[in-house]
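These notes are about the structure you will find just below.
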Amino acid sequence: SGLRRLHVRMSTSPTSDPPRRGRPARLSQEQILHAALEMAGDGGLDALSMRRLAGALGVSAMTLYGYFPSKNVLIRAMLDAVTEELALDIDDDVEWTERLRLMAGAIRTTLQRYPGLAPLFIERPDPRGRALTIVEDAIGALRSQDVPAEVALRGVYAVIGYAIGFVAQEVRRIEADTELDYAALPPERFPNLTELADEMVGFRSESQFAFGLEALIDGVRREAVAA
């Protein structure tokens with residue numbers, strides 16, 4: 001009983017596809033995806049090019065196009081692979097507010113493994129495949145515990161959007177590699193921010209994520225009671 005562990009669906013020890021024309025037997029889609037995720041997982045799309053990826057794999061760029069006809073197709077496959085790692089298996093008896101917490105935490109933990117890709121889930125939303133299944137199952141779980149259908153729908157999407165947005169914000173601030181010195185701001189213009197300067201330093205913390213998530217879940221709970 002309880003939460004079973006997340007399962008990584010994408011193999012890190014790829015098997016080979018049946019040989020086809022233009023596709024060396026030693027290469028597979030899983031191997032290409034694994035290399036692409038390693039390359040872009042930290043540096044984002046700026047670090048990824050078909051030519052650079054081909055060089056890392058020891059093949060020509062044209063060989064990669066035999067597996068993925070364009071960089072956009074490869075990126076979509078990468079996002080799908082990351083989503084596959086969100087294979088949440090939560091027992092049916094888990095209370096619905098806790099289910100939302102677990103889902104949000106899993107999204108954040110997974111995207112933190114690929115910080116360079118986190119913003120793409122906002123820039124290139126594509127609710128298909130596994131992502132759609134996660135939403136469907138979450139809505140169904142909430143409705144099974146008497147959360148009204150519309151509230152369940154809005155609540156699930158609100159929590160998913162919050163978790164993705166929080167990680168994307170974390171990534172952007174890390175990429176900027178700067179931390180504003182709030183204590184050095186003019187106190188006559190920013191009296192609140194200067195007074196709370198110490199708290200602002202930890203704004204990207206686990207506690208801030210939990211604070212925002214709890215506020216969001218409390219709002220969903222109130223909507224469910226009022227409906």
Side-chain angles (χ1 to χ4, degrees), residues 5-20 22-89 103-138 156-157 159-176:
R5 296 180 64 84
L6 296 176
H7 305 289
V8 178
R9 300 286 183 90
M10 187 185 68
S11 173
T12 58
S13 179
T15 57
S16 296
D17 293 336
R20 302 185 194 176
R23 297 189 178 189
R26 65 185 180 87
L27 202 59
S28 69
Q29 284 191 338
E30 288 81 6
Q31 188 176 3
I32 296 169
L33 280 172
H34 181 67
L37 285 169
E38 283 198 340
M39 189 171 290
D42 290 327
L45 289 189
D46 290 342
L48 177 68
S49 71
M50 298 299 269
R51 185 180 298 276
R52 184 180 178 195
L53 180 60
L57 291 167
V59 300
S60 69
M62 290 306 298
T63 298
L64 297 185
Y65 287 114
Y67 293 86
F68 299 97
S70 70
K71 183 179 177 180
N72 282 336
V73 173
L74 173 61
I75 292 169
R76 184 69 258 159
M78 292 164 63
L79 297 182
D80 288 344
V82 173
T83 304
E84 283 293 328
E85 295 192 26
L86 268 170
L88 275 172
D89 293 322
M103 183 174 67
I107 291 171
R108 183 175 181 230
T109 298
T110 301
L111 293 185
Q112 284 177 328
R113 290 198 289 270
Y114 306 99
L117 296 178
L120 294 180
F121 283 88
I122 296 175
E123 298 166 9
R124 302 188 182 207
D126 188 12
R128 298 180 299 179
R130 179 63 191 166
L132 203 59
T133 301
I134 291 172
V135 172
E136 169 67 24
D137 292 347
V156 167
Y157 270 108
V159 167
I160 291 174
Y162 171 75
I164 294 174
F166 193 93
V167 177
Q169 183 183 50
E170 288 179 304
V171 171
R172 293 304 190 199
R173 288 181 174 177
I174 292 171
E175 287 177 347

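Just the heavy atoms: all of them, side chains too, but no hydrogens, waters or symmetry mates, feed the values below.
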State, to 0.1 Å, how close [X] and [Y] come at their nearest heavy-atom pair, and which atoms those are.
X    : Y    : value
I134 : L86  : CD1-O, 3.5 Å
M50  : F68  : CE-O, 3.9 Å
A54  : A61  : CB-N, 3.5 Å
I122 : G165 : CD1-CA, 3.9 Å
A36  : L53  : N-CD1, 3.7 Å
A104 : A163 : O-CB, 3.8 Å

Close side-chain approach of T63 and L57, heavy atoms under 4.5 Å |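 Not touching, per the 4.5 Å side-chain cut-off.
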Without swapping roles, check the side chain of R108 against the backbone of V167 for a donor-acceptor pair under 3.5 Å.
->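 Judged by distance alone, no pair lies under 3.5 Å.
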Measure the spacing between [atom1] of [X] and [atom2] of [Y] and express it to the nearest 0.5 Å.
X    : Y    : atom1 : atom2 : answer
D137 : M103 : CG    : CE    : 10.5 Å
I160 : I107 : CD1   : CD1   : 5.0 Å
L45  : M78  : CG    : CE    : 6.5 Å
L74  : R76  : CG    : CZ    : 11.5 Å
Y114 : T110 : OH    : OG1   : 8.0 Å
L37  : E30  : CG    : CD    : 11.5 Å

Got a sec: does the CD of Q112 have more than 12 other heavy atoms crowding it under 6.0 Å?
->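 Count over threshold, so yes.
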